[in-house]
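No hydrogens, no waters, no symmetry mates; every other heavy atom, side chains included, goes into these values.
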Amino acid sequence: MDGIGNTMQKKAAELERMAEVLVTGEQLRLRLHEAKVIKDRRHHLRTYPNCFVAKEIIDWLIEHKEASDRDTAIKIMQKLLDQSILHHVCDEHKEFIDMKLFYRFRKDDGTFPLDSEAKIFMRGQRIYEKLMNTENTLLQTREEEGVTYERTLVALEFIDWLLQEGEMPTREEAEQLGRRLLEHGIIQHVSNKHHFVDGGLLYQFRMNFRRRRRLIELLNERCRSIPENHDSPFCLRKQGSEGGNTSFLSVSPTKEIKVVSAVRRSSMSSSCGSSGYYSSSPTLSSSPPVLCNPKSVLKRQVSPEELQAPGGPYIKKTFTIVGDAVGWGFVVRGSKPCHIQAVDPGGPAAAVGMKVCQFVMAVNGMNVQNLDYRTVSNLILTGPRTVFMEVMEKAEY
C-alpha cells in the first residue's frame, strides 16, 4: 500500500477513536457546566467542588435525548469512566452507579492522565481552534495533481505559522509535530499518499473538533468510525471508485458528490442515518456509511424578488445567534438566496427561532441574496461568534 501503510493507518484509527472519546467527554463537561449540573456539593459536612450526582445526570441525559433509557445512559457514563474522563469523587466506585453518588470530570480536579497520546491530541485541538479563531490565509482551496481540495494547508506555510505563533522553536521540531499530528489521525495528506514533510504538499485537518458529538456514538463502533461528515467545514471526496470502496478520506468538491456546507458542527448528521444525510447498506456492516446528497427541504426555489414583493406572503425576521462551544446549530444550502436546510433542536439557532425553509437575506449586515451556500457558510465561519442574520419566511395565517 502507498503512503503511511496499513500499520500506521490502524494506529491512527485507534488514536482517532480515543480522540473522539476525549472530545465527546469534553463537550459533555462544558454542557453540564453551562447547565449548572456541575457545581459544588456538600455531604456529611464536607464540600466536594465541581461534581455532579449520578442519578441526576442519568435524568439529564434522558431529558436531553442523549439516551433513550437509564441503562443506555449508564453505559455512556461508564464508558467515560473507563476512559478516565471522569471518576467517583473519592475513587470508591469503579462502576457508574445510578444512585445519589458524586462523580467528577478529571479535568475539573486536575487528575486527568496526560500521557503522550492525550498531550498530542490536546495540542492538535488547540492548534485547530487557533487556526479557526484567528484571521489567516492558511486554510484555502487549492489543487494537487489536478484535483481541487478545500480548506487545505501547505506544509511549509503551516510550519512557518507554527514558528510565528511560538508553537515550536525550530523547523525540524515543527515538522516533527506535523508528523505526530498525522500519525494520530488529526491531519492527513489530501489524498492520503504521503507522510507530513516540510514542503509544498497539501494537508487537511481530518478531525473537526467542533462537531457536536452524540453521546450514543461512544457505544457504537460503527458510528465512531465515520470520518468527518459534510457538515464539517472540511468537505470529503470518495477514495477512488475501484472495488466499491465506500470510505471518504479527502476533498474534491468538483467530483460527483455535492457537499453540503454547514454552519455548525452539530450532532444532526452524526447519528448514523437518523437525519437522512447518510445512507448505509445493511449488508456492509463493517463499512462506513456512504455520503449522500441530501434532498432539499424546499418544495420550490424562490427568487429574491418574489420574497420581497410588496404584499407578498413572506415576512422578514432578524436573529442574533451567539455560538456556543460547538457552533451555531444550523445548516445552509442552495443559492440566490440560500436557505436553512437543517436546525439542531438543541442549538443556539433553534433557541432564537430559526427554522428550516427560511431564506437567508443578510449576514452581519451584508446582503447575501445573490450568494451560494458555500460563500455564506464561509462568511459565518470566518466571522465573529455572535452572528446577526436577516431571513425571510412564509407567513402563517
Side-chain angles (χ1 to χ4, degrees), residues 13 16-35 37-38 52 56-83 85-86 96 105 121 125 128 185 206-234 236 248 260 262-280 285 287-292 294 323-331 341-351 356:
E16 187 175 0
R17 285 194 291 271
M18 179 199 74
E20 285 292 327
V21 174
L22 293 175
V23 172
T24 305
E26 177 62 7
Q27 289 182 354
L28 176 61
R29 185 183 76 88
L30 294 174
R31 291 173 67 191
L32 295 178
H33 271 289
E34 186 177 355
V37 176
I38 294 176
F52 58 87
E56 292 179 4
I57 200 69
I58 298 301
D59 294 337
W60 188 91
L61 291 173
I62 294 173
E63 179 185 348
H64 288 78
K65 302 189 186 323
E66 293 288 356
S68 57
D69 52 57
R70 302 193 79 80
D71 286 343
T72 302
I74 291 169
K75 289 177 182 177
I76 289 171
M77 299 307 292
Q78 183 66 47
K79 182 73 173 182
L80 294 175
L81 192 147
D82 291 342
Q83 298 294 321
I85 305 296
L86 53 87
F96 193 88
F105 282 85
F121 159 74
Q125 183 176 27
Y128 174 92
R206 185 179 181 188
M207 177 175 290
N208 178 5
F209 292 96
R210 293 182 172 185
R211 178 180 70 84
R212 192 176 206 164
R213 275 72 174 170
R214 294 292 303 275
L215 292 173
I216 196 66
E217 292 179 46
L218 294 174
L219 307 181
N220 194 323
E221 290 292 332
R222 181 174 167 192
C223 284
R224 289 215 316 271
S225 68
I226 298 174
E228 288 306 319
N229 56 53
H230 65 269
D231 78 348
S232 160
F234 311 105
L236 305 173
F248 291 80
V260 173
V263 187
R264 175 183 174 90
R265 283 63 67 187
S266 71
S267 61
M268 288 182 294
S269 57
S270 62
S271 56
C272 293
S274 62
S275 67
Y277 279 46
Y278 284 97
S279 66
S280 58
S285 59
S287 300
V290 180
L291 183 63
C292 298
D324 61 15
V326 290
W328 295 271
F330 62 97
V331 176
Q341 173 74 8
V343 178
D344 181 350
V356 297

Could you pull out the closest heavy-atom pair between [X] and [Y], with the gap in Å?
X    : Y    : value
A349 : G329 : CB-O, 3.8 Å
Q341 : V356 : O-CG1, 3.6 Å
A67  : I76  : CB-CD1, 4.2 Å
I38  : H33  : CG2-CE1, 3.4 Å

Inter-residue atom distance [X].[atom1] - [Y].[atom2], 0.5 Å rounding:
X    : Y   : atom1 : atom2 : answer
L22  : I85 : CG    : CD1   : 4.5 Å
L61  : L32 : CG    : CG    : 7.5 Å
D69  : I74 : CG    : CD1   : 9.0 Å
L219 : Q78 : CG    : CD    : 10.5 Å
R214 : K65 : CZ    : NZ    : 10.0 Å

Run M77 and L28 through side-chain contact (heavy atoms from CB on, under 4.5 Å) and show every step you take. CA-CA 10 Å; M77 299 307 292; L28 176 61; 4.1 Å; yes
Evaluate the criterion side-chain contact (heavy atoms from CB on, under 4.5 Å) for residue pair F96 and I58; output intermediate values, then yes/no. CA-CA 10 Å; F96 193 88; I58 298 301; 3.8 Å; yes
By salt bridge (Lys or Arg N to Asp or Glu O under 4.0 Å) - contacts of R31 (at least two apart):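 Partners of R31 by the salt bridge (Lys or Arg N to Asp or Glu O under 4.0 Å) criterion, ordered by chain and then number, come out as E66.
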Going by the ring pair (Phe, Tyr, Trp, His ring centres under 6.0 Å) test, which pairs reach into residues 61-81, not counting sequence neighbours?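 Qualifying pairs: W60-H64.
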Would you sort out whether Q27 and V23 count as a side-chain contact (heavy atoms from CB on, under 4.5 Å), showing the intermediate values? CA-CA 6 Å; Q27 289 182 354; V23 172; 3.7 Å; yes
